[in-house]
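Comments concern the structure below.
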Amino acid sequence: MKKWAFVSDFDGTITKKDFYHIVIEKYFEDGKKLYKKWKSEEIKDIDFLAAVFSSIDQEENIIIDDIKSIEIDEYVPSFIKKVQKNNGDFFILSAGTDYYIHHLLDHYGIEGVKVFSNEGYYKDKNVHLNIDSSHPHYSERYGIDKEKVITDLKKEYEAVYFAGDSEPDSHPAKAADLTFAFSQLQELLKEKSISYINVNSFKEIEDHLQKKGLFD
């Protein structure tokens, strides 16, 4: 059994802004109405994202430039290297799409990170999702069941740590050995009586793991 793994959500946790917000602001005015429907649970998460990502109507080089413009937590690249240097594996677990995640990882020179997410691809000026309902991690609501991913990783690792920021992350938080909660996830986990540690940056997470003796 491997020693430990750190699993992180992407949008709003590693990044400072969700990709769908950028798309709505720049290209999809009607997305604001759709966002309200999603938040009131009239439509599923994956249907909301599929509609937003397929409404960009731009050449791929423009979409990639938009992706590269997304700011990330400045401590993330060095944090990932520290995890890997100290016998840990780093994973990204996102209910978005791996299309923009891989582009952003490449942009920041981040290597050796496996991504669990909904498969995405560029076609006809938009980003489309390829959801496989037969996949063992399939979720009807999110496309990917984050809790199942964490549960499977726990079969391989002695300890699995998790970081997230929003409602989809409240589910894997139940399965992780320890969750670091950003933003609205803090209140959600408090309401569900799931233990967590409040954080605002990966530097704070690094400090906690240092105290646990996981970093040199």
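Remember, it's a predicted structure, so these values are computed and weren't measured experimentally.
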Side chains of Val149 and Lys146 in contact at under 4.5 Å (non-hydrogen atoms)
no
Audit row: Phe162, Leu93, side-chain contact (heavy atoms from CB on, under 4.5 Å) steps and yes/no
CA-CA 9 Å; Phe162 177 67; Leu93 176 56; 4.3 Å; yes
Given Val7, which of Asp89, Thr179, Leu153 fulfils the side chain to side chain contact (heavy atoms under 4.5 Å, CB included) condition?
Leu153
Under a plain distance cut-off of 3.5 Å, with no hydrogens placed, do Tyr27 and Asp66 share a side-chain donor-acceptor pair?
yes
If we count only N and O atoms by modelled type, under 3.5 Å, do the side chains of Asn126 and Ser54 hold a donor and an acceptor together?
no
Measuring only between side-chain heavy atoms, which start at C-beta, is Leu185 closer than 4.5 Å to Asp9?
no
Under the rule for side-chain contact (heavy atoms from CB on, under 4.5 Å), what residues qualify as partners of Asp73, not counting sequence neighbours?
Tyr75, Val76, Ser201, Phe202
Closest heavy-atom pair, Ile14 versus Ser8, reported as atoms and distance to 0.1 Å, is CG1-OG, 3.5 Å
When you compare the side chain of Lys33 with that of Asp30, does any pair of heavy atoms fall below 4.5 Å?
yes
Taking the side chain as every heavy atom from C-beta outward, state whether Val83 and Trp4 have any pair of such atoms under 4.5 Å apart.
yes
Taking the six-membered ring for Trp, are Phe53 and Tyr99 ring centroids under 6.0 Å apart?
no
Do Asp11 and Tyr20 pass the side-chain hydrogen bond (donor to acceptor under 3.5 Å, both in side chains) test, and can you show the C-alpha distance, the side-chain angles, and the key distance before you say yes or no?
CA-CA 9 Å; Asp11 292 86; Tyr20 70 76; over 6 Å; no
Applying the ring-ring contact (aromatic ring centres under 6.0 Å, His included) test to Phe48, which of Phe28, Trp38, Tyr142 qualifies?
Trp38
Kindly work out whether a path of hydrophobic side-chain contacts (I/L/V/M/F/W/Y, heavy atoms less than 4.5 Å apart) joins Phe182 to Leu188.
no
Does the plane of the ring in Phe6 sit parallel, tilted or perpendicular to the ring in Phe79? Use 30° and 60° as the thresholds.
perpendicular
Whether over 12 other heavy atoms sit under 6.0 Å from Glu140 CD
no
Salt bridge (charged side-chain N to carboxylate O under 4.0 Å, His left out) pairs, two or more places apart, involving residues 102-129:
Glu59-Lys125
Salt bridge (charged side-chain N to carboxylate O under 4.0 Å, His left out) contacts in which one or both residues fall within residues 173-202, not counting sequence neighbours:
Glu147-Lys174, Lys154-Asp177
Would you call the rings of His208 and Phe180 parallel, tilted or perpendicular, taking 30° and 60° as the class edges?
tilted
With rounding to the nearest 0.5 Å, note down the distance linking OG in Ser170 to CD in Gln186.
13.5 Å
Looking only at heavy atoms, the pair that brings Ile205 and Ala163 closest together is CD1-CB, 4.1 Å
Ion pair present between Lys203 and Asp207, side-chain N to carboxylate O less than 4.0 angstrom?
yes
Is any side-chain heavy atom of Lys39 closer than 4.5 Å to one of Glu167?
no
